[in-house]
J.: 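Below is one structure. I have some questions about it.
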There are 2 protein chains.
Amino acid sequence: MSKRDVILKVATRLFAAKGFDGTSVRRIAEEADLSVAGMFHYFPSKEEILNEIMIGFMDEGYKRLMEIYNSDIGPVKKLEEICKFYVEHYAGHKDQLTILVSEGKSLSLEHRKVFIDKQRVYVEALKRLFDDLAKENLLKPIDSSVLAFIFFGMVHWTYSWYNPQGEIGPEELGRIFGEVLLRGVLKDTERSK
Amino acid sequence: MSKRDVILKVATRLFAAKGFDGTSVRRIAEEADLSVAGMFHYFPSKEEILNEIMIGFMDEGYKRLMEIYNSDIGPVKKLEEICKFYVEHYAGHKDQLTILVSEGKSLSLEHRKVFIDKQRVYVEALKRLFDDLAKENLLKPIDSSVLAFIFFGMVHWTYSWYNPQGEIGPEELGRIFGEVLLRGVLKDTERSK
DNA sequence: CCTTTCATACCGAGCGATCGGTAGAAATTT
DNA sequence: AAATTTCTACCGATCGCTCGGTATGAAAGG
């Protein structure tokens, strides 16, 4: 593992635990076994470290999202697969998820522009999927943006409570999310009431 | 409005926009039209301001949650009412919601204990409601904790996207949340497939 | 009625610590 | 020898917070 990657790894852990503003460059350098100046040899600024963490993680997720979206399965199945993927992906990268959710405000103006645009593209992709469902006349008449945000709410919020080592494994949780989103919490016999 | 309340109001706006660590006491004092020392006349520390904002907001919400929970309506209706209340409540207090979601980590150890305990009580209340639904045999066999967190995910996440002045009003959004949570996004005719 | 007392509400100045970041050189690798 | 990596030493700025006060007005005593 390169020194650069060590810095990213350490910073990811610290940013998630204490926040960007609550983490000093001295602490990052210390835990990466470097002097402060040594650390700044690899990154031009503290903010650039944050940016690289966030952009890298988003791009990773988007790539897989598109793979699922472009695969040759029905839209309902796609949504189920996407639920599963995100729960598993985020469960395996809790620190990155925490940073993604909490530290957008710490990015510089330019980086934040890119960040927000990537978020927008994410939401667009989900909206498109819901629009596909609507085209096949499977969907209730609900605004697809709202549906996309409901999805992201459910999934992103796992950062605050979910323990993948607990009773409910990531795959199981992904299945539950898909089920609740598609068909709700009520039993079949009660749905139409 | 007392000077104390002005400080709380200013701090709420700043903490939500820049984060606790990203907001200086100088800035709070300046915007509250006070010297730094003058501000510390009303609060023993910066952290105490944050604590008061968070605790106050949580207690307010919990009070109303219990009113609905203890009211004399069926559990399905209760859940619908709770969805509506929270969306409206949070839509009217976006800064407080942002702080609640983002700044738990900035509390002192003692305050954080209380904060986490209040969160636990919130989740317990929602779990109880889902357990009530299960007792009436209305619910799919899904862990009630997971359902509570799905609810909070949907609702809390509004902090990141929802504009109450937009096309979809708070009451409408609350209704959508209730519908999706209870019955899912699929049309009735497609549910059992 | 007038004065003394006393608590509340503030403020200017500045404390020690820490912040993000850098200059310049030594050490190491190629 | 050249390039890369890493260091020590330090910068100016800002951090949260506190000190020793002052202004004001209400209560208490004469």
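Below, chain A is the first sequence line, B the second, and so on; all start at residue 1. Computed from a predicted structure; not experimentally measured.
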J.: Could you tell me how far apart B:M39 (CE) and D:dG16 (C1') are, to the nearest whole angstrom?
T.: 9 Å
J.: Calculate the interatomic distance between B:I28 atom CD1 and D:dC15 atom P; express it in whole Å.
T.: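 To the nearest whole Å, that distance equals 11 Å.
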J.: How would you list all residue pairs meeting ring pair (Phe, Tyr, Trp, His ring centres under 6.0 Å) that involve residues 97-119 of chain A, not counting sequence neighbours?
T.: none
J.: Hydrophobic clustering (ILVMFWY, side-chain heavy atoms < 4.5 Å, transitive) - are A:V114 and A:L50 grouped together?
T.: no
J.: Looking only at side-chain N and O atoms, does A:H41 come under 4.0 Å of OP1 or OP2 in D:dT5?
T.: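 The answer is yes; a side-chain N or O of A:H41 sits under 4.0 Å from OP1 or OP2.
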J.: I want to check one thing: is the phosphate of D:dC15, taken as OP1 and OP2, less than 4.0 Å away from some side-chain N or O of B:S24?
T.: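 Checking D:dC15 against B:S24, a side-chain N or O does come within under 4.0 Å of OP1 or OP2.
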J.: Is the B:Y86 to B:H156 ring centre distance short of 6.0 Å?
T.: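 Not close enough - the centres of the two rings lie 6.0 Å or further apart.
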J.: So which nucleotide from D:dT6, C:dT22, D:dC19 ends up closest to the side chain of A:A37?
T.: C:dT22
J.: Taking for each residue the nucleotide of DNA chain C with the nearest heavy atom, is it B:K3 or A:T23 whose nucleotide lies nearer the 5' end?
T.: B:K3
J.: Report the distance from atom CD1 of B:I49 to atom P of D:dG16, rounded to the nearest whole Å.
T.: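 From B:I49 CD1 to D:dG16 P: 10 Å.
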J.: For A:E30 and D:dC7, give me the distance from atom CD to atom P, rounded to whole Å.
T.: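 The answer, rounded to whole Å, is 13 Å.
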J.: Return the value, rounded to whole Å, for the distance between atom CZ of A:F20 and atom C1' of C:dC19.
T.: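 Rounding to the nearest Å, CZ of A:F20 and C1' of C:dC19 are 12 Å apart.
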J.: Quick one: B:D21 CG to C:dT18 P, roughly how many Å, whole number?
T.: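 Atom CG in B:D21 sits about 15 Å away from atom P in C:dT18.
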J.: Return the nearest nucleotide to the side chain of B:L34; candidates are D:dT6, C:dT22, C:dC11.
T.: C:dC11
J.: Whole-Å distance between C:dC19 P and A:K18 NZ?
T.: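 One finds 12 Å between P of C:dC19 and NZ of A:K18, rounded.
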J.: Can you check whether A:E52 reaches A:F43 side chain to side chain, under 4.5 Å on heavy atoms?
T.: yes
J.: Among C:dG12, C:dG14, C:dG20, find the nucleotide with the atom closest to the side chain of B:R26.
T.: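 So the nucleotide nearest the side chain must be C:dG14.
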J.: Would you confirm whether the ring centroid of A:H89 sits within less than 6.0 angstrom of the ring centroid of A:F57?
T.: yes
J.: Could you check which of D:dT5, D:dG16, C:dG21 has an atom nearest any side-chain atom of A:F40?
T.: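 My answer, after comparing the listed nucleotides, is C:dG21.
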J.: For B:R27 and D:dC15, give me the distance from atom CZ to atom C1', rounded to whole Å.
T.: 15 Å
J.: Name the nucleic acid region contacted by B:S2, choosing base, sugar-phosphate or nothing; use a 4.0 angstrom heavy-atom cut-off, strictly under.
T.: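 Nothing: the residue B:S2, judged by heavy atoms under 4.0 Å, touches no strand.
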